[in-house]
Amino acid sequence: MDVTVVKTDYEGQAKKLLELMENTDVIIVAGGDGTLQEVVTGVLRRADEAAFSKIPIGFIPLGQTSSLSQTLFAESGNKVQHITDATLAIVKGETVPLDVLQIKGEKEQPVFAMTGLRWGSFRDAGVNINKYWYLGPLKTKAAHFFSTLKEWPQTHQASISYTGPKERPPSEAEETPPRPSLYRRILRRLASYWAQPQDGISKEVNPEVWRDMQLSTIELSITTRNDQLDLTSTEDFMNICIEPDSVSKGDFITVGSKKVRDPKLRAEGTECLQASQCTLVLPEGTGGSFSIDSEEYEAMPVEVKLLPRKLQFFCDPRKREQLLPSSAP
């Protein structure tokens, strides 16, 4: 194999590199969520992204946060074993298709996310944890406690418009079926000729239905389903989770501390919607930040679109077997 290794020296370098890279057979990312997000954004901003996005991606988890690890590789308490499993997954060549979110502001180029977007008080408290490093194991609870002293209740107002899930198209067969005999082709043409015209009219596709709602939430998240991958699903959608604005201070500290270890955790009373596309509108003058795949971005009105099964990632063959339907005896 002819391998080119590039060590990034500054933020955004991986994004630029992938936007300019000439064709390659495989892309391997050794880093965390931030590096992976830069690579994915660089790939999908290319003019030839339709072809370039078919190149499989290998992910070796070396960063502080590596959210895709649990999807792609078997669990391991040993970090060296985990990195070894990730490397061997590339060598073995098994891949799975993963969803991507396209997130676009009014004037910005789109960014792309493998995990999703978070906006709210749990996120804000989480990014301040390292400020309390001197409290050792208590720093996580301290960050959430001091957050409640600044303002309470903490609510975030917004409006959201969204469309529901889309039906997943059937997989294309790998082999082209044999051509029907001449006799069958003649019969099909005759049947088509004599068919009633209303048959064609009934195939009209209904326009997408958009739903609107006003939000008052302590935290909003828009995420892919890559952490609970289902290769047998008949629908494609992202999850929009609206956590209640009535969370008590005690629950905020408890739930927020647990969220640091398990971001999928939600406060009791959370409402979850399934959508293929949405528009998030924030009130004028709204400050704060989003977290997009653990990277910080200025909070602004955005359009979020699901790109289902957009990228192929190398995965541990054991994980792939778990995702496939078991064959009948």
Side-chain angles (χ1 to χ4, degrees), residues 1-11 13-15 17-18 21 23-44 52-100 112-116 126 129-130 137 140 223-232 258-265 291-295 309-327:
M1 299 183 208
D2 183 13
V3 180
T4 302
V5 179
V6 180
K7 184 177 179 181
T8 55
D9 297 314
Y10 56 88
E11 187 176 339
Q13 185 178 359
K15 193 186 305 177
L17 175 69
L18 268 295
M21 182 183 287
N23 203 24
T24 182
D25 297 315
V26 172
I27 300 165
I28 300 173
V29 184
D33 286 348
T35 309
L36 182 62
Q37 194 238 352
E38 282 194 24
V39 168
V40 169
T41 296
V43 168
L44 297 179
F52 206 85
S53 62
K54 291 181 170 59
I55 297 171
I57 298 174
F59 180 50
I60 301 176
L62 298 180
Q64 284 188 332
T65 55
S66 301
S67 304
L68 282 186
S69 291
Q70 62 178 349
T71 299
L72 300 175
F73 316 119
E75 289 185 22
S76 174
N78 184 319
K79 188 173 182 180
V80 174
Q81 181 64 51
H82 200 53
I83 293 170
T84 304
D85 288 344
T87 308
L88 287 174
I90 298 167
V91 176
K92 292 175 182 176
E94 295 277 357
T95 61
V96 289
L98 296 185
D99 295 344
V100 180
F112 297 86
M114 301 303 303
T115 304
I129 289 173
N130 287 335
T140 301
T223 58
T224 64
R225 294 191 295 158
N226 289 337
D227 61 337
Q228 295 177 319
L229 202 57
D230 182 2
L231 299 181
T232 64
K258 291 178 180 177
K259 266 179 173 283
V260 174
R261 296 188 297 272
D262 182 10
K264 300 190 298 293
L265 188 69
S291 277
I292 299 176
D293 280 8
S294 304
E295 293 294 296
R309 304 176 313 288
K310 182 66 176 176
L311 297 173
Q312 294 286 334
F313 275 77
F314 290 106
C315 74
D316 189 320
R318 293 171 292 178
K319 289 290 288 186
R320 194 172 189 279
E321 285 177 13
Q322 295 171 12
L323 299 170
L324 294 172
S326 57
S327 55

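The first residue of the sequence shown is numbered 1, and numbering continues consecutively from there.
Of all the heavy atoms in Gly32 and Ser66, the pair that sits closest is CA-OG, 4.0 Å. Among all heavy-atom pairs drawn from Pro56 and Thr95, the shortest one is CB-CG2, 4.3 Å. Of all non-hydrogen atoms in Gln13 and Glu38, the two that sit nearest each other are N-OE1, 3.5 Å. The heavy-atom pair separating Thr232 from Asp230 by the smallest distance is OG1-OD1, 2.6 Å. The nearest pair of heavy atoms linking Thr35 to Val29 is CG2-CG1, 3.8 Å. Taking all atoms of both residues into account, the shortest heavy-atom contact from Lys259 to Leu265 is NZ-O, 2.9 Å.
Among the candidates Val43, Thr24, Leu44, the single residue satisfying the side chain to side chain contact (heavy atoms under 4.5 Å, CB included) test with Leu18 is Val43. The side chain to side chain contact (heavy atoms under 4.5 Å, CB included) test with Arg309 is passed by exactly one of Val96, Asp99, Leu98, Leu231: Asp99.
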**Study point:** Residues Asp227, Gln70; criterion side-chain contact (heavy atoms from CB on, under 4.5 Å); working and verdict
**Key:** CA-CA 7 Å; Asp227 61 337; Gln70 62 178 349; 3.8 Å; yes
Practice item. Show your working on side chain to side chain donor-acceptor pair (under 3.5 Å) between Ser67 and Asp33 and close with a plain yes or no. Key: CA-CA 7 Å; Ser67 304; Asp33 286 348; 2.7 Å; yes
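For Lys264, the NZ atom sits in a packed shell: over 12 heavy atoms of surrounding residues, nucleotides or ligands are nearer than 6.0 Å. Shown here is Gln81, whose CD atom has more than 12 heavy atoms of other residues, nucleotides or ligands within 6.0 Å.
Between the CE atom in Met21 and the CD1 atom in Ile55 there is a gap of 8.5 Å [rounded to 0.5 Å]. For the atom pair CD1 (Ile129) and OG1 (Thr140), the distance works out to 4.0 Å, reported to the nearest 0.5 Å. To the nearest 0.5 Å, atoms CG (Leu68) and SG (Cys315) are separated by 11.5 Å. Remark: Glu94 CD to Gln312 CD distance equals 11.0 Å, nearest 0.5 Å.
Checked by atom type and distance alone, the side chain of Thr41 pairs as donor or acceptor with a backbone atom of Phe112 at under 3.5 Å. No donor-acceptor distance shorter than 3.5 angstrom exists from the side chain of Lys319 to the backbone of Leu72, with no hydrogens or angles considered. Of the possible donor and acceptor atoms, none in the side chain of Asn226 sits under 3.5 Å from a partner among the backbone N and O of Thr115.
At least one side-chain heavy atom of Ile60 sits less than 4.5 Å from a side-chain heavy atom of Ile90. Residues Leu36 and Asp293 have side chains not in contact (no heavy-atom distance under 4.5 Å, counting atoms from C-beta outward). A 4.5 Å side-chain heavy-atom check between Val39 and Lys15 finds every atom pair outside the cut-off. At least one side-chain heavy atom of Val26 sits less than 4.5 Å from a side-chain heavy atom of Phe314. Contact check for Arg318 versus Asp85: side-chain heavy atoms found under the 4.5 Å cut-off.
Residues satisfying the side-chain contact (heavy atoms from CB on, under 4.5 Å) criterion with Gln228, sequence neighbours excluded, are absent altogether.
Classified by interplanar angle (parallel below 30°, tilted 30° to 60°, perpendicular above 60°), the ring pair His82/Phe73 is perpendicular.
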